[in-house]
Amino acid sequence: MGLRTGILTRIRAVAPTLTVAHQRVAERILADPGAVASATITELAERCETSLTTITRFCRELDLPGYAELRLALATEVGRDDGRDRGRPLIAFSPEDPMSKVVASLVASDTRSMEDTAAQLDLAAVERAVAALSRARTIDVYAVSGSAGVAMDVQLRLHSIGRPCHLWKDVHDAICSANVRDHRDVALAVSHSGATAEVVEPIRVARERGATTIVITNFPRSPLADAADILLTTAAQDAPFRVGGLAARHTQMLILDCLYIGVVQRTLDASEQAMDRAAAALSRHRLPIR
């Protein structure tokens, strides 16, 4: 992730790959970034029960020169969030919560995740992905479980505008398809964790065969990210009763929408013709509305 990425987003993204000592530092920062922004390096080391060297190495894990830059990044983000999030409900649920709070919390959670995703999204990488999808002979999409539901939407839409796109949810079928890909093809993998073997295996095979690989994941240091020619990251946060792919689906859809619209823009005449023909063919299946 680039330095323009929000510091808290970057910490969440790399946290699963950190050492135990560095994870303690990350947890302390995420729990109260404002307090850390005003703390000295010695104070933070004491709160995390670790050494000054560990704090410095943690900063370097985030591509920051040192602790002063970490404090500045935290202070900047906390100051921005104070203005943006004032009055928003907490992202939490309990059995006693009325549906009005559930709705408000879901809106706050999803809006925040989508804003964070948009802020850190590598637009140059999006453009490269769109170019690859627009010229691909065949597009394979690999996803399972919750991510497969999101992936199915973009597969259907790309297929409807004449792009030869197939979604593979079974790992055996996915690997067989990946095995016949080459430099003319694109393989697109969607996984929140980036560690799902059933998605990692076929994307690796597709890359070995020469296909352009596009990966959408929340974790840029994941095994899936390692197999990407083009990496697009989300910035979803888990919430009570909504973890993993369930928490990430709106951020995944944001990126997939960008890819779809980008392909339509590049193939406008052909896409419009395909959509018009589909609308005409489906018109007989629409019942009258009273």
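The structure presented is a predicted model; accordingly, all values stated were derived computationally and were not measured.
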Q) Which ILVMFWY residues can you reach from L254 by hopping between side chains whose heavy atoms are under 4.5 Å apart? A) M114
**Q.** Residues clustering with I203 (ILVMFWY side chains joined when closer than 4.5 Å, directly or via others)
**A.** Y142, V144, W168, V199, V200, V215, L224, L231
Q) Is it true that atom CZ of R57 has more than 12 heavy atoms of other residues, nucleotides or ligands lying nearer than 6.0 Å? A) no
Q. Is there a path from I139 to V180 through hydrophobic residues (I, L, V, M, F, W, Y) whose side chains come within less than 4.5 Å of each other?
A. no
Q | Spacing of OG1 belonging to T17 relative to NE2 belonging to H22, to within rounding of 0.5 Å | A | 10.5 Å
Q. Stepwise, does the side-chain contact (heavy atoms from CB on, under 4.5 Å) test hold for R184 with T138?
A. CA-CA 7 Å; R184 297 168 293 179; T138 300; over 6 Å; no
Q: Check for a donor-acceptor pair, side chain of T217 on one end and backbone N or O of H192 on the other, with a separation under 3.5 Å.
A: yes
(Q) Under a 4.0 Å threshold between the charged nitrogen and the carboxylate oxygen, would R112 count as salt-bridged to D116? (A) yes
**Q.** Heavy-atom pair with the smallest gap, counting every atom of A248 and A236
**A.** CA-CB, 3.6 Å
**Q.** S147 side, atom OG; M253 side, atom CE - distance, nearest 0.5 Å
**A.** 10.5 Å
Q | Nearest heavy-atom neighbours spanning T111 and V107 | A | OG1-O, 2.7 Å
Q | From CA spacing to verdict: side-chain contact (heavy atoms from CB on, under 4.5 Å), Q120, R10 | A | CA-CA 9 Å; Q120 58 84 54; R10 264 191 280 161; over 6 Å; no
Q. Is it true that E61 and R221 make a salt bridge, defined as a side-chain N closer than 4.0 Å to a carboxylate O?
A. yes
(Q) With rounding to the nearest 0.5 angstrom, report the OG1 to CG distance, T212 to L188. (A) 11.5 Å
Q: Determine, stepwise, if the pair L256 / V150 fulfils side-chain contact (heavy atoms from CB on, under 4.5 Å).
A: CA-CA 8 Å; L256 290 169; V150 177; 3.4 Å; yes
Q) Okay, side chain of E198, backbone of V171: is any donor-acceptor separation there less than 3.5 Å? A) no
Q. With sequence neighbours excluded, what pairs up with Y260 under the ring pair (Phe, Tyr, Trp, His ring centres under 6.0 Å) test?
A. none
Q: Among I29, T53, L64, find the residue that satisfies the side chain to side chain contact (heavy atoms under 4.5 Å, CB included) test when tested with F58.
A: I29
Q) Honestly curious: do M99 and L106 fall in one hydrophobic cluster under the side-chain, below-4.5 Å linking rule? A) yes
Q.
Holding to side-chain hydrogen bond (donor to acceptor under 3.5 Å, both in side chains), I want the full list of residues that pass it with D257, two or more places apart in sequence or in another chain.
A. R157
Q | Result of checking N218, T234, V154 against Q252 for side chain to side chain contact (heavy atoms under 4.5 Å, CB included) | A | T234
Q) Are the side chain of R181 and the backbone N or O of A206 linked by a donor-acceptor pair below 3.5 Å? A) no
(Q) Hydrophobic clusters here meaning ILVMFWY residues chained together by side-chain heavy-atom distances under 4.5 Å, can you tell me if L72 and I11 are in one? (A) no
(Q) Let's go through L44 and Y67 carefully: what are the C-alpha distance in whole Å and the side-chain angles of both, what is the deciding distance for side-chain contact (heavy atoms from CB on, under 4.5 Å) to 0.1 Å, and is it a yes or a no? (A) CA-CA 10 Å; L44 179 59; Y67 186 63; 3.6 Å; yes
Q: Report whether I41 and L74 are members of the same hydrophobic cluster (ILVMFWY, side-chain heavy atoms less than 4.5 Å apart, transitive linking).
A: yes
Q: Locate the shortest heavy-atom distance separating D140 from S177; write the atom from each residue and the value.
A: OD2-OG, 2.6 Å
Q: Kindly indicate whether the side chain of L133, heavy atoms from C-beta on, has any atom under 4.5 Å from the side chain of I214.
A: yes
(Q) As an exercise, state the distance from CZ of R71 to SG of C59, rounded to the nearest 0.5 Å. (A) 11.0 Å
Q. For H159, does the NE2 atom have more than 12 heavy-atom neighbours from other residues, nucleotides or ligands under 6.0 Å away?
A. no
Q | Donor-acceptor under 3.5 Å (T213 side chain, A227 main chain) | A | yes
Q) Please, which pairs that meet salt bridge (charged side-chain N to carboxylate O under 4.0 Å, His left out) have at least one residue in residues 201-220, sequence neighbours excluded? A) R207-D229
Q.
Treating S109 as the side-chain partner and S105 as the backbone partner, does any N or O pair qualify as donor plus acceptor under 3.5 Å?
A. no
Q. What's the spacing between E43 CD and S38 OG if we round to 0.5 Å?
A. 7.5 Å
Q: Mind jotting down which residue pairs meet the side-chain hydrogen bond (donor to acceptor under 3.5 Å, both in side chains) criterion with at least one end in residues 276-287? Sequence neighbours excluded, please.
A: none
Q: Compare every heavy atom of S134 with every heavy atom of R266, then report the nearest pair and how far apart it is.
A: CD-OG, 3.4 Å
Q. What heavy-atom pair brings L232 and A125 nearest, and what distance separates the two atoms?
A. CD2-CB, 3.7 Å
Q | Rounded distance (nearest 0.5 Å) linking atom CG of D122 with atom CZ of R128 | A | 6.0 Å
Q. Can you hop from L282 to M275 via hydrophobic side chains spaced under 4.5 Å?
A. no
Q: Taking all heavy atoms of P223 and all of G194, pick out the closest pair and write down the distance.
A: CD-O, 3.3 Å
